[in-house]
J.: 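There's a structure below that I have some questions on.
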Amino acid sequence: MEENIVLQTDRLYLREMTQKDYPSLCKILQDEEVMYAYAHAFSDEEAHNWLNNQIVRYGRYGFGLWAMVLKETGEMIGQCGLTMQDFDGKEVVEVGYLLQKAYWHQGYATEAAVACKDYAFHKLGVKEVFSIIRDNNIASQQVAKRNGMHLCGEFIKHYYGIDMPHLVFSAKNET
């Protein structure tokens, strides 16, 4: 049984990442195809900083991006969770996700994203969640739509020396 499980779905555990997850995380962050929306694969230092940032988020907010672990094998295949992001001059709760390429197009991102949205609504009492997605990342936009989100805005994010158009999707807590 996995430690530090935050939530689970039919096929997945989502749990807090630890330093032991660094090699699995690198399979995601250091794959150029997976990271195309970021316009580069991460260096070792960037991957370490990413992991450390998630661990800080767990302490600060009680959430962050969590390890997405297959129940069947115990393998970390991606990350999905909640982060605080800036949108339109305010901090909003974002549902974010990244998976190893070998696990794309199998429904894992949607399964985890729906669970994270429900967690935000029912455990944290959040009134609205967002997904901020690069305009060329059609697969992630489809996940947001399957997660009950609708396009609500767009903006240009300057990252890695590039102006990157982003689309903003949101879903409101109707309960």
J.: Any link between Val93 and Phe155 through a network of hydrophobic side chains (Ile, Leu, Val, Met, Phe, Trp, Tyr) touching at under 4.5 Å?
T.: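 Cluster IDs for Val93 and Phe155 differ.
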J.: Looking at residues at least two apart in the chain, or sitting in another chain, which of them share a side chain to side chain contact (heavy atoms under 4.5 Å, CB included) with Glu154?
T.: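 Applying side chain to side chain contact (heavy atoms under 4.5 Å, CB included) to Glu154 gives Leu167.
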J.: Can you sort out the partners of Lys71 under side-chain hydrogen bond (donor to acceptor under 3.5 Å, both in side chains), two or more places apart, ordered by chain and number?
T.: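 Testing Lys71 for side-chain hydrogen bond (donor to acceptor under 3.5 Å, both in side chains), a comparison that skips the adjacent residues, returns Gln8.
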J.: I'd like to know whether Met76 forms a side chain to side chain contact (heavy atoms under 4.5 Å, CB included) with Met17, so could you lay out the CA-CA distance, the side-chain angles of the two residues, the decisive distance to 0.1 Å, and finally the verdict.
T.: CA-CA 10 Å; Met76 179 181 163; Met17 286 187 278; 3.6 Å; yes
J.: Are any side-chain N or O atoms of Tyr58 and backbone N or O atoms of Leu65, one a donor and one an acceptor, separated by less than 3.5 Å?
T.: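 Yes; at least one donor-acceptor contact below 3.5 Å.
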J.: Would a 4.5 Å heavy-atom cut-off, applied to side chains only, mark Val95 and Val143 as touching?
T.: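 Of all side-chain heavy-atom pairs linking Val143 with Val95, none is under 4.5 Å.
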J.: Side chains of Phe169 and Glu94: closer than 4.5 Å at any heavy-atom pair?
T.: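 No. Closest side-chain heavy atoms not under 4.5 Å.
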J.: For side chain to side chain contact (heavy atoms under 4.5 Å, CB included), just list the numbers for Tyr38 and Leu29, CA-CA rounded to whole Å, side-chain angles, deciding distance to a tenth of an Å, and then say yes or no.
T.: CA-CA 10 Å; Tyr38 286 78; Leu29 299 178; over 6 Å; no
J.: Quick one: pull up CE in Met35 and CD1 in Ile28 and give me the separation to the nearest 0.5 Å.
T.: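 Met35 atom CE to Ile28 atom CD1 measures 9.0 Å (nearest 0.5 Å).
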J.: With a sphere of 6.0 Å drawn around CD of Glu32, does it hold more than 12 non-hydrogen atoms of other residues, nucleotides or ligands?
T.: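 Counting other residues, nucleotides and ligands, CD of Glu32 stays at 12 neighbours or fewer.
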J.: Does Val92 reach the side chain of Met84, with side-chain heavy atoms less than 4.5 Å apart?
T.: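 A side-chain contact is absent here, since even the closest heavy-atom pair is not under 4.5 Å.
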J.: As an exercise, state the distance from CD1 of Ile132 to SG of Cys152, rounded to the nearest 0.5 Å.
T.: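 The distance works out to 8.5 Å.
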J.: Is the closest side-chain heavy-atom distance between Val34 and Trp104 below 4.5 Å?
T.: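 Yes, close enough: below the 4.5 Å cut-off.
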J.: Can you pull the side-chain hydrogen bond (donor to acceptor under 3.5 Å, both in side chains) pairs that have at least one residue in residues 124-136, sequence neighbours excluded?
T.: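 Found Glu128-Ser170.
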J.: Strictly by modelled atom types, are Gln19 and Asn52 linked by a side-chain donor-acceptor pair under 3.5 Å?
T.: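 Yes, because at least one side-chain N or O of Gln19 sits under 3.5 Å from a partner of the opposite role on Asn52.
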J.: Could you verify whether a donor N or O on one side chain and an acceptor N or O on the other, from Trp50 and Gln79, lie under 3.5 Å apart?
T.: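 The answer is yes; a qualifying pair exists.
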J.: Check whether the side chains of Tyr103 and Glu75 place a donor and an acceptor atom closer than 3.5 Å, and report yes or no.
T.: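 Glu75 and Tyr103 do have a side-chain donor-acceptor pair below 3.5 Å.
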J.: Between Arg57 and Phe63, is NZ or CZ placed under 6.0 angstrom from the six-membered ring centre and within 45° of the ring axis?
T.: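 No; the conditions do not both hold, so Arg57 does not lie above the ring face of Phe63.
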J.: Using every non-hydrogen atom in the two residues, find where Leu99 and Ala109 come nearest and quote the distance to one decimal.
T.: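 Smallest heavy-atom distance, with atoms named: CD1-CB, 3.7 Å.
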J.: What heavy-atom pair brings Ser140 and Tyr97 nearest, and what distance separates the two atoms?
T.: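 What the structure gives for the nearest pair is O-OH, 2.9 Å.
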J.: Check whether more than 12 heavy atoms from other residues, nucleotides or ligands sit under 6.0 Å from atom NE2 of His150, and answer yes or no.
T.: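 No, because the 6.0 Å sphere around NE2 of His150 holds 12 heavy atoms or fewer from other groups.
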J.: Distance check, rounded to the nearest 0.5 Å: Leu82 atom CG versus Lys123 atom NZ?
T.: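 Reported value, rounded in 0.5 Å steps: 13.0 Å.
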J.: With a 6.0 Å cut-off on the ring centroids, do His48 and Tyr22 count as close?
T.: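 Judged by ring-centre distance (under 6.0 Å), His48 and Tyr22 do meet the cut-off.
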J.: Give the minimum heavy-atom separation between Cys80 and Met68, together with the two atoms involved.
T.: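 Taking every non-hydrogen atom into account, CB-CE, 3.5 Å.
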J.: Could you please spell out the steps behind the side chain to side chain contact (heavy atoms under 4.5 Å, CB included) verdict for Ile77 and Leu12?
T.: CA-CA 10 Å; Ile77 63 166; Leu12 303 167; 4.1 Å; yes
J.: Listed by chain and number, what are the ring-ring contact (aromatic ring centres under 6.0 Å, His included) partners of Phe121, not counting sequence neighbours?
T.: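 For Phe121, no residue satisfies ring-ring contact (aromatic ring centres under 6.0 Å, His included) once neighbours in sequence are set aside.
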J.: Can you tell me which residue pairs pass the salt bridge (charged side-chain N to carboxylate O under 4.0 Å, His left out) test with a partner in residues 156-175, sequence neighbours excluded?
T.: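 Listed once each, the pairs would be none.
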J.: When you compare the side chains of Asn137 and Tyr36, does any donor N or O come within less than 3.5 Å of an acceptor on the partner?
T.: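 Yes.
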J.: With no hydrogens and no angle check, is any side-chain donor or acceptor of Asp21 less than 3.5 Å from a backbone partner on Ser24?
T.: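 No.
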J.: Look up atom CZ in Arg146 and atom OG1 in Thr110, then write down how far apart they are to the nearest 0.5 Å.
T.: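 Here the interatomic distance stands at 3.5 Å.
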J.: If I compare all heavy atoms of Ala144 with all of Ile133, which pair ends up nearest, and what's the gap?
T.: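 Closest approach of Ala144 to Ile133, heavy atoms only: CB-CD1, 3.8 Å.
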J.: When you measure from the side chain of Tyr159 to the backbone of Ala39, do you find a donor-acceptor pair of N or O atoms at a distance under 3.5 Å?
T.: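 No, Tyr159 side chain to Ala39 backbone: no donor-acceptor pair under 3.5 Å.
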J.: Would you say the side-chain atoms of Gln54 pair up with the backbone N or O of Leu51, donor to acceptor, closer than 3.5 Å?
T.: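 No.
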J.: Could you tell me which non-hydrogen atom of Asn173 sits nearest to which non-hydrogen atom of Val126, and how far apart they are?
T.: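 Where Asn173 meets Val126 most closely, the heavy atoms are ND2-O, 3.1 Å.
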J.: Would you check if there is a donor-acceptor pair between the side chains of Thr83 and Gln85 at a distance under 3.5 Å?
T.: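 Note: Gln85 and Thr83 side chains meet the donor-acceptor criterion.
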J.: Apply side chain to side chain contact (heavy atoms under 4.5 Å, CB included) to Glu46 and Gln30, showing your working.
T.: CA-CA 9 Å; Glu46 288 170 315; Gln30 294 185 329; over 6 Å; no
J.: Rounded to the nearest 0.5 Å, what separates atom CG in Asn4 from atom CG in Leu14?
T.: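 Output value for this atom pair is 12.5 Å.
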J.: Taking only residues two or more places apart in sequence, or in another chain, which ones meet Phe87 in a ring-ring contact (aromatic ring centres under 6.0 Å, His included)?
T.: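 For Phe87, the residues satisfying ring-ring contact (aromatic ring centres under 6.0 Å, His included) (neighbours in sequence not counted) are Phe130.
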J.: Would the distance check show the side chain of Asn147 and the main-chain N or O of Met149 forming a donor-acceptor pair, the cut-off being under 3.5 Å?
T.: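 No, Asn147 side chain to Met149 backbone: no donor-acceptor pair under 3.5 Å.
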J.: What distance separates Cys116 SG from Glu111 CD, expressed to the nearest 0.5 Å?
T.: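 Going from SG on Cys116 over to CD on Glu111, the span is 11.0 Å.
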J.: Does Trp66 have its ring centroid less than 6.0 Å away from the ring centroid of Tyr119?
T.: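 Yes - the distance between ring centres of Trp66 and Tyr119 falls below the 6.0 Å cut-off.
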J.: Are Ile156 and Val168 in one and the same hydrophobic cluster, where Ile, Leu, Val, Met, Phe, Trp and Tyr link if side-chain heavy atoms are under 4.5 Å apart?
T.: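 Shared cluster, no.
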J.: Which heavy-atom pair separates Ala115 from Thr9 by the least distance, and what is that distance?
T.: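 Nearest pair, atom of Ala115 first, then Thr9: CB-CG2, 3.6 Å.
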J.: Between His166 and Met164 (side chain of the first, backbone of the second, donor and acceptor by atom type, cut-off under 3.5 Å), is there such a pair?
T.: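 Between the backbone of Met164 and the side chain of His166 there is a qualifying donor-acceptor contact (under 3.5 Å).
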